[in-house]
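Before any comments, here is the structure.
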Amino acid sequence: MAFTCFRCPVSFLHEISDAFRNSFLFLSHPARQPRKKGLASLRRIGNAPDMRIITWNINSLRLRMPLLARLCQDTAPDMICLQETKVPDALFPMEDVRALGFDHVVFRGMKGYNGVAILSRQPVSVLEDTPDWCERGDCRHIAVRHGTGAAAIDVHDFYVPAGGDIPDPVENPKFAHKLAFIEEARHWFSAQDMRRTVLVGDLNIAPLEHDVWSHRQLLKIVSHTPPETEGLLKWQHTGFVDAMRHFVPASEKLYTWWSYRNRDWRASNRGRRLDHVWITPDLQPALRGMEVLRDARDWDKPSDHVPVIVDLDV
DNA sequence: ATGGTGGCAACGCCA
(Lines give C-alpha, C1' and ligand atoms only; values in the text may rest on other atoms or scores of the structure.)
Protein backbone atom coordinates (compact mmCIF):
# COMPACT_ATOMS: atom_id res chain seq x y z
CA MET A 1 0.00 0.00 0.00
CA ALA A 2 1.29 3.42 -0.91
CA PHE A 3 2.37 5.57 1.98
CA THR A 4 0.23 8.39 0.70
CA CYS A 5 -2.87 6.27 1.10
CA PHE A 6 -4.21 6.76 4.60
CA ARG A 7 -7.30 4.77 3.87
CA CYS A 8 -7.13 1.07 4.61
CA PRO A 9 -8.28 -0.96 1.64
CA VAL A 10 -11.59 -2.72 1.97
CA SER A 11 -11.40 -6.33 0.94
CA PHE A 12 -14.30 -8.58 0.45
CA LEU A 13 -15.13 -11.98 -0.86
CA HIS A 14 -16.09 -11.76 -4.50
CA GLU A 15 -19.70 -12.48 -5.16
CA ILE A 16 -20.14 -15.79 -6.84
CA SER A 17 -22.53 -15.02 -9.62
CA ASP A 18 -22.89 -18.44 -11.10
CA ALA A 19 -26.15 -19.96 -9.96
CA PHE A 20 -24.86 -23.50 -9.94
CA ARG A 21 -21.91 -22.56 -7.82
CA ASN A 22 -24.22 -20.68 -5.50
CA SER A 23 -26.38 -23.69 -4.91
CA PHE A 24 -23.31 -25.86 -4.51
CA LEU A 25 -21.95 -23.49 -1.88
CA PHE A 26 -25.26 -23.45 -0.12
CA LEU A 27 -25.41 -27.22 0.01
CA SER A 28 -21.80 -27.52 1.02
CA HIS A 29 -22.46 -25.58 4.20
CA PRO A 30 -24.50 -27.00 6.99
CA ALA A 31 -27.99 -25.61 6.91
CA ARG A 32 -28.65 -22.92 9.45
CA GLN A 33 -28.48 -24.76 12.70
CA PRO A 34 -31.25 -24.72 15.25
CA ARG A 35 -30.94 -22.21 18.03
CA LYS A 36 -29.44 -23.86 21.03
CA LYS A 37 -31.33 -24.18 24.26
CA GLY A 38 -28.52 -22.58 26.20
CA LEU A 39 -30.07 -19.26 25.32
CA ALA A 40 -33.31 -19.89 27.15
CA SER A 41 -32.69 -16.71 29.06
CA LEU A 42 -32.66 -14.63 25.88
CA ARG A 43 -34.93 -11.72 26.42
CA ARG A 44 -37.30 -12.35 23.56
CA ILE A 45 -40.78 -13.43 22.72
CA GLY A 46 -41.86 -16.26 20.44
CA ASN A 47 -39.94 -18.21 17.82
CA ALA A 48 -36.79 -17.73 15.79
CA PRO A 49 -36.23 -14.16 14.62
CA ASP A 50 -35.68 -13.05 11.02
CA MET A 51 -32.26 -11.68 11.73
CA ARG A 52 -29.86 -12.32 14.56
CA ILE A 53 -26.93 -9.92 14.78
CA ILE A 54 -24.01 -10.31 17.16
CA THR A 55 -21.42 -7.71 18.07
CA TRP A 56 -18.21 -8.86 19.72
CA ASN A 57 -14.81 -7.43 20.47
CA ILE A 58 -12.96 -10.67 19.87
CA ASN A 59 -9.46 -9.37 20.75
CA SER A 60 -7.61 -11.24 17.99
CA LEU A 61 -9.65 -13.14 15.42
CA ARG A 62 -6.94 -15.67 14.62
CA LEU A 63 -6.27 -16.54 18.25
CA ARG A 64 -9.95 -16.95 19.05
CA MET A 65 -11.19 -18.71 15.92
CA PRO A 66 -12.29 -21.72 18.02
CA LEU A 67 -14.37 -19.42 20.22
CA LEU A 68 -15.98 -17.87 17.16
CA ALA A 69 -16.91 -21.37 15.98
CA ARG A 70 -18.43 -22.12 19.35
CA LEU A 71 -20.37 -18.87 19.32
CA CYS A 72 -21.82 -19.77 15.92
CA GLN A 73 -22.75 -23.27 17.05
CA ASP A 74 -24.43 -22.01 20.17
CA THR A 75 -26.31 -19.06 18.72
CA ALA A 76 -26.57 -19.44 14.90
CA PRO A 77 -26.26 -15.73 14.11
CA ASP A 78 -27.03 -14.34 10.66
CA MET A 79 -24.43 -11.62 10.98
CA ILE A 80 -21.45 -11.06 13.26
CA CYS A 81 -19.75 -7.70 13.68
CA LEU A 82 -16.26 -8.09 15.11
CA GLN A 83 -13.85 -5.55 16.56
CA GLU A 84 -10.16 -5.80 17.40
CA THR A 85 -9.59 -8.51 14.83
CA LYS A 86 -5.88 -7.58 14.93
CA VAL A 87 -5.28 -9.13 11.54
CA PRO A 88 -3.98 -7.46 8.36
CA ASP A 89 -6.28 -7.97 5.36
CA ALA A 90 -3.77 -10.20 3.60
CA LEU A 91 -3.83 -12.63 6.52
CA PHE A 92 -7.59 -12.64 7.14
CA PRO A 93 -8.68 -16.27 7.81
CA MET A 94 -11.24 -16.31 5.03
CA GLU A 95 -11.48 -20.06 4.66
CA ASP A 96 -12.11 -20.61 8.37
CA VAL A 97 -14.82 -17.97 8.33
CA ARG A 98 -16.46 -19.47 5.24
CA ALA A 99 -16.44 -22.86 6.90
CA LEU A 100 -18.68 -21.38 9.58
CA GLY A 101 -21.27 -20.56 6.93
CA PHE A 102 -20.42 -16.92 6.24
CA ASP A 103 -20.05 -16.53 2.50
CA HIS A 104 -20.22 -12.74 2.61
CA VAL A 105 -17.42 -11.14 4.55
CA VAL A 106 -16.02 -7.64 4.65
CA PHE A 107 -13.07 -6.54 6.69
CA ARG A 108 -10.70 -3.70 7.31
CA GLY A 109 -7.65 -4.70 9.27
CA MET A 110 -4.13 -3.66 10.04
CA LYS A 111 -1.06 -5.12 11.69
CA GLY A 112 -1.30 -5.65 15.40
CA TYR A 113 -4.08 -3.28 16.43
CA ASN A 114 -7.68 -2.38 15.71
CA GLY A 115 -9.48 -4.09 12.84
CA VAL A 116 -13.18 -4.65 12.16
CA ALA A 117 -15.04 -7.29 10.18
CA ILE A 118 -18.63 -8.14 9.29
CA LEU A 119 -19.50 -11.77 8.60
CA SER A 120 -22.83 -12.43 6.95
CA ARG A 121 -24.73 -15.48 5.74
CA GLN A 122 -26.63 -13.38 3.21
CA PRO A 123 -25.20 -10.97 0.65
CA VAL A 124 -24.05 -7.57 1.82
CA SER A 125 -22.45 -4.64 0.05
CA VAL A 126 -19.93 -2.29 1.60
CA LEU A 127 -21.06 1.28 2.16
CA GLU A 128 -18.17 3.15 0.59
CA ASP A 129 -19.04 6.74 1.45
CA THR A 130 -17.85 6.68 5.03
CA PRO A 131 -15.20 8.99 6.51
CA ASP A 132 -11.64 8.15 7.39
CA TRP A 133 -12.28 9.08 11.00
CA CYS A 134 -9.83 11.69 12.31
CA GLU A 135 -7.85 11.05 9.09
CA ARG A 136 -5.81 8.38 10.79
CA GLY A 137 -6.30 5.51 8.40
CA ASP A 138 -7.28 3.43 11.42
CA CYS A 139 -9.42 0.38 10.88
CA ARG A 140 -12.17 1.31 13.28
CA HIS A 141 -15.33 1.31 11.17
CA ILE A 142 -16.91 -0.66 8.40
CA ALA A 143 -20.51 -0.58 7.21
CA VAL A 144 -22.66 -2.71 4.96
CA ARG A 145 -26.09 -2.79 3.37
CA HIS A 146 -27.93 -6.06 3.91
CA GLY A 147 -30.69 -6.71 1.39
CA THR A 148 -32.00 -4.28 -1.19
CA GLY A 149 -34.78 -1.77 -1.75
CA ALA A 150 -37.23 -0.97 1.02
CA ALA A 151 -36.19 -4.07 2.97
CA ALA A 152 -32.51 -3.07 3.09
CA ILE A 153 -30.86 -2.65 6.45
CA ASP A 154 -27.63 -0.75 6.96
CA VAL A 155 -25.26 -1.99 9.63
CA HIS A 156 -22.37 0.05 11.03
CA ASP A 157 -19.61 -1.70 12.97
CA PHE A 158 -17.46 0.62 15.15
CA TYR A 159 -14.38 0.30 17.30
CA VAL A 160 -14.00 3.61 19.12
CA PRO A 161 -10.51 4.49 20.47
CA ALA A 162 -10.01 3.40 24.07
CA GLY A 163 -8.47 6.73 24.99
CA GLY A 164 -5.57 5.83 27.27
CA ASP A 165 -5.51 6.24 31.02
CA ILE A 166 -5.46 9.97 31.73
CA PRO A 167 -8.84 11.68 31.19
CA ASP A 168 -7.36 14.95 29.98
CA PRO A 169 -7.21 15.84 26.28
CA VAL A 170 -4.27 18.22 26.83
CA GLU A 171 -2.12 15.79 28.73
CA ASN A 172 -3.21 12.69 26.84
CA PRO A 173 -3.40 12.72 23.02
CA LYS A 174 -5.23 9.38 23.04
CA PHE A 175 -8.02 10.87 25.08
CA ALA A 176 -8.13 13.85 22.71
CA HIS A 177 -8.39 11.42 19.80
CA LYS A 178 -11.26 9.60 21.47
CA LEU A 179 -13.21 12.81 22.07
CA ALA A 180 -12.52 14.00 18.52
CA PHE A 181 -13.67 10.66 17.15
CA ILE A 182 -17.04 10.68 18.88
CA GLU A 183 -17.54 14.34 18.00
CA GLU A 184 -16.78 13.66 14.36
CA ALA A 185 -19.12 10.66 14.39
CA ARG A 186 -21.87 12.79 15.90
CA HIS A 187 -21.43 15.38 13.15
CA TRP A 188 -21.42 12.82 10.38
CA PHE A 189 -24.46 10.90 11.57
CA SER A 190 -26.43 14.09 12.21
CA ALA A 191 -26.07 14.85 8.49
CA GLN A 192 -27.27 11.39 7.41
CA ASP A 193 -30.83 10.66 6.41
CA MET A 194 -31.03 7.34 8.21
CA ARG A 195 -33.63 4.67 7.81
CA ARG A 196 -33.50 1.05 8.95
CA THR A 197 -30.03 1.41 10.38
CA VAL A 198 -28.23 -0.56 13.07
CA LEU A 199 -25.04 0.67 14.71
CA VAL A 200 -23.06 -1.75 16.84
CA GLY A 201 -19.61 -2.09 18.25
CA ASP A 202 -17.13 -1.56 21.00
CA LEU A 203 -17.72 2.12 21.66
CA ASN A 204 -15.38 2.04 24.69
CA ILE A 205 -17.74 4.24 26.70
CA ALA A 206 -20.23 3.22 29.39
CA PRO A 207 -22.70 6.10 29.18
CA LEU A 208 -25.24 5.39 31.95
CA GLU A 209 -24.86 5.23 35.71
CA HIS A 210 -25.64 1.52 35.76
CA ASP A 211 -23.40 0.75 32.82
CA VAL A 212 -20.55 0.59 35.36
CA TRP A 213 -20.11 -1.19 38.65
CA SER A 214 -19.61 2.08 40.55
CA HIS A 215 -20.71 5.33 38.97
CA ARG A 216 -19.05 7.38 41.70
CA GLN A 217 -15.72 5.57 41.56
CA LEU A 218 -15.49 5.64 37.77
CA LEU A 219 -16.35 9.28 37.07
CA LYS A 220 -12.66 10.05 36.56
CA ILE A 221 -11.85 6.78 34.84
CA VAL A 222 -11.60 6.85 31.07
CA SER A 223 -14.76 5.24 29.62
CA HIS A 224 -17.10 6.87 32.13
CA THR A 225 -16.02 10.52 32.35
CA PRO A 226 -18.69 13.17 31.67
CA PRO A 227 -17.14 14.45 28.39
CA GLU A 228 -17.20 10.89 27.03
CA THR A 229 -20.62 9.85 28.28
CA GLU A 230 -22.20 13.14 27.20
CA GLY A 231 -20.47 12.97 23.82
CA LEU A 232 -21.60 9.41 23.24
CA LEU A 233 -25.22 10.19 24.13
CA LYS A 234 -25.16 13.19 21.77
CA TRP A 235 -23.94 10.88 19.02
CA GLN A 236 -26.66 8.35 19.88
CA HIS A 237 -29.31 11.06 19.79
CA THR A 238 -28.51 11.94 16.19
CA GLY A 239 -31.09 9.32 15.31
CA PHE A 240 -30.70 6.14 17.32
CA VAL A 241 -32.25 4.44 20.28
CA ASP A 242 -30.38 2.16 22.66
CA ALA A 243 -31.57 -1.35 21.76
CA MET A 244 -29.97 -2.99 24.80
CA ARG A 245 -31.71 -0.65 27.22
CA HIS A 246 -34.97 -1.33 25.36
CA PHE A 247 -34.82 -4.71 27.09
CA VAL A 248 -33.01 -3.90 30.33
CA PRO A 249 -34.17 -0.87 32.34
CA ALA A 250 -31.61 1.85 32.98
CA SER A 251 -31.93 1.15 36.71
CA GLU A 252 -30.47 -2.32 36.24
CA LYS A 253 -26.74 -3.09 36.00
CA LEU A 254 -25.66 -4.20 32.54
CA TYR A 255 -22.06 -4.96 31.52
CA THR A 256 -20.35 -6.41 28.46
CA TRP A 257 -16.70 -6.14 29.56
CA TRP A 258 -14.72 -7.32 32.56
CA SER A 259 -11.02 -6.52 32.88
CA TYR A 260 -8.43 -9.26 32.55
CA ARG A 261 -6.86 -7.79 35.67
CA ASN A 262 -9.51 -9.06 38.03
CA ARG A 263 -8.69 -12.39 39.54
CA ASP A 264 -12.29 -13.57 39.61
CA TRP A 265 -14.33 -11.45 37.23
CA ARG A 266 -17.64 -13.02 38.25
CA ALA A 267 -17.08 -12.60 41.98
CA SER A 268 -15.81 -9.03 41.83
CA ASN A 269 -18.18 -8.20 38.93
CA ARG A 270 -16.49 -4.90 38.24
CA GLY A 271 -17.89 -4.69 34.75
CA ARG A 272 -18.67 -1.96 32.27
CA ARG A 273 -21.06 -1.77 29.29
CA LEU A 274 -18.63 -0.78 26.55
CA ASP A 275 -20.36 -2.62 23.71
CA HIS A 276 -23.54 -1.26 22.23
CA VAL A 277 -26.40 -1.85 19.83
CA TRP A 278 -28.23 1.19 18.51
CA ILE A 279 -31.09 1.18 16.04
CA THR A 280 -33.07 3.83 14.24
CA PRO A 281 -36.60 4.19 15.70
CA ASP A 282 -38.23 2.70 12.58
CA LEU A 283 -36.65 -0.62 13.61
CA GLN A 284 -37.93 -0.48 17.16
CA PRO A 285 -41.08 -2.48 16.36
CA ALA A 286 -38.79 -5.13 14.85
CA LEU A 287 -36.85 -5.64 18.10
CA ARG A 288 -37.40 -9.18 19.29
CA GLY A 289 -34.69 -9.91 21.79
CA MET A 290 -31.29 -9.14 23.24
CA GLU A 291 -28.78 -11.12 25.22
CA VAL A 292 -25.39 -10.40 26.71
CA LEU A 293 -23.54 -13.72 26.54
CA ARG A 294 -21.86 -13.44 29.93
CA ASP A 295 -20.85 -17.09 29.89
CA ALA A 296 -18.41 -16.36 27.08
CA ARG A 297 -16.23 -14.58 29.63
CA ASP A 298 -15.45 -18.03 31.06
CA TRP A 299 -14.59 -19.70 27.79
CA ASP A 300 -11.06 -21.00 27.36
CA LYS A 301 -8.73 -18.03 26.70
CA PRO A 302 -11.61 -15.57 26.59
CA SER A 303 -11.84 -12.09 25.18
CA ASP A 304 -12.33 -9.46 27.88
CA HIS A 305 -15.53 -8.48 26.04
CA VAL A 306 -18.50 -10.82 25.64
CA PRO A 307 -20.79 -11.05 22.59
CA VAL A 308 -24.06 -9.14 22.52
CA ILE A 309 -26.91 -10.70 20.54
CA VAL A 310 -29.83 -8.79 19.12
CA ASP A 311 -32.78 -10.36 17.32
CA LEU A 312 -34.82 -8.42 14.79
CA ASP A 313 -37.95 -9.32 12.84
CA VAL A 314 -37.27 -7.26 9.77
C1' DA B 1 -2.64 4.46 46.07
C1' DT B 2 -1.08 0.84 43.33
C1' DG B 3 -0.98 -2.86 40.25
C1' DG B 4 -3.07 -6.27 38.45
C1' DT B 5 -3.52 -9.39 32.72
C1' DG B 6 -3.48 -10.17 27.79
C1' DG B 7 -2.18 -9.83 22.46
C1' DC B 8 1.07 -8.66 19.22
C1' DA B 9 5.42 -8.72 17.85
C1' DA B 10 9.77 -8.00 19.01
C1' DC B 11 12.28 -6.73 23.89
C1' DG B 12 7.67 -1.87 24.01
C1' DC B 13 3.13 -0.70 22.42
C1' DC B 14 -1.84 -0.87 23.15
C1' DA B 15 -5.82 -2.24 25.65
Side-chain angles (χ1 to χ4, degrees), chain A residues 1 8 55-71 81-93 96 107-117 133-134 136-141 157-169 171-182 200-207 211-214 216-225 227-229 232 255-276 294-308:
Chain A
M1 187 170 63
C8 291
T55 177
W56 189 23
N57 179 322
I58 194 171
N59 188 14
S60 174
L61 171 59
R62 285 174 293 175
L63 189 74
R64 281 182 244 288
M65 203 65 211
L67 300 192
L68 183 66
R70 175 170 180 181
L71 176 66
C81 298
L82 298 172
Q83 305 89 36
E84 283 209 89
T85 53
K86 294 185 176 176
V87 58
D89 288 349
L91 299 178
F92 191 91
D96 293 340
F107 45 83
R108 183 176 278 160
M110 57 197 283
K111 192 175 171 182
Y113 314 110
N114 306 334
V116 287
W133 305 100
C134 301
R136 300 257 180 155
D138 281 351
C139 300
R140 298 184 176 276
H141 175 222
D157 179 14
F158 271 97
Y159 175 53
V160 170
D165 287 332
I166 304 162
D168 178 346
E171 235 183 296
N172 174 10
K174 287 189 230 164
F175 192 70
H177 178 212
K178 183 178 198 175
L179 295 180
F181 190 103
I182 59 177
V200 304
D202 175 5
L203 306 185
N204 263 318
I205 296 170
D211 291 339
V212 293
W213 62 276
S214 169
R216 189 181 58 83
Q217 285 178 261
L218 288 177
L219 273 171
K220 289 181 176 164
I221 302 297
V222 171
S223 75
H224 195 61
T225 67
E228 294 170 86
T229 58
L232 190 75
Y255 314 139
T256 64
W257 174 90
W258 292 263
S259 171
Y260 283 126
R261 297 177 192 181
N262 283 329
R263 197 153 294 221
D264 184 341
W265 71 274
R266 206 185 275 277
S268 58
N269 198 23
R270 295 185 166 191
R272 305 178 201 170
R273 184 169 70 116
L274 302 181
D275 303 275
H276 297 270
R294 292 176 98 248
D295 287 351
R297 189 63 180 77
D298 272 334
W299 288 350
D300 189 37
K301 301 243 173 156
S303 169
D304 47 353
H305 296 252
V306 298
V308 179

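Lettering of chains follows the sequences in order, A, B, ..., and the numbering in each one begins at 1.
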(request) Give a yes or no answer on whether the side chain of A:D89 reaches the backbone of A:G109 with a donor-acceptor pair at less than 3.5 Å. (result) yes
(message) For A:H141, is there any backbone N or O sitting under 3.5 Å from a side-chain donor or acceptor partner on A:R108?
(response) yes
(request) May I ask you to say whether A:R266 pairs ionically with A:D295, meaning some side-chain N is under 4.0 Å from a carboxylate O? (result) yes
(request) Go through the structure and list residues passing side chain to side chain donor-acceptor pair (under 3.5 Å) with A:D168, not counting sequence neighbours. (result) none
(request) Let me see the working for A:W133 and A:F158 under ring-ring contact (aromatic ring centres under 6.0 Å, His included), right down to the final yes or no. (result) CA-CA 11 Å; A:W133 305 100; A:F158 271 97; 5.6 Å; yes
(request) Take A:P161 and A:T85, find for each the nucleotide of DNA chain B with the closest heavy atom, and name the residue whose nucleotide sits nearer the 5' end. (result) A:T85
Gap in Å between the two [atom1] atoms, one belonging to [N] and one to [M], rounded:
N	M	atom1	answer
B:dT2	B:dG6	P	23 Å
B:dA9	B:dC14	P	14 Å
B:dA1	B:dC13	P	27 Å

(request) Name all residues meeting the salt bridge (Lys or Arg N to Asp or Glu O under 4.0 Å) criterion together with A:R140; count only those two or more places apart in sequence or in a different chain, and write none if there are none. (result) A:D138
(request) Name the nucleic acid region contacted by A:R140, choosing base, sugar-phosphate or nothing; use a 4.0 angstrom heavy-atom cut-off, strictly under. (result) sugar-phosphate
(request) For A:R64, report the nucleic acid contact type (base, sugar-phosphate, nothing); a contact means any heavy atom under 4.0 Å. (result) sugar-phosphate
(request) Taking heavy atoms of chain A and a 4.0 Å limit, find me the 5'-most and 3'-most nucleotide of DNA chain B within that range. (result) B:dG4 to B:dA15
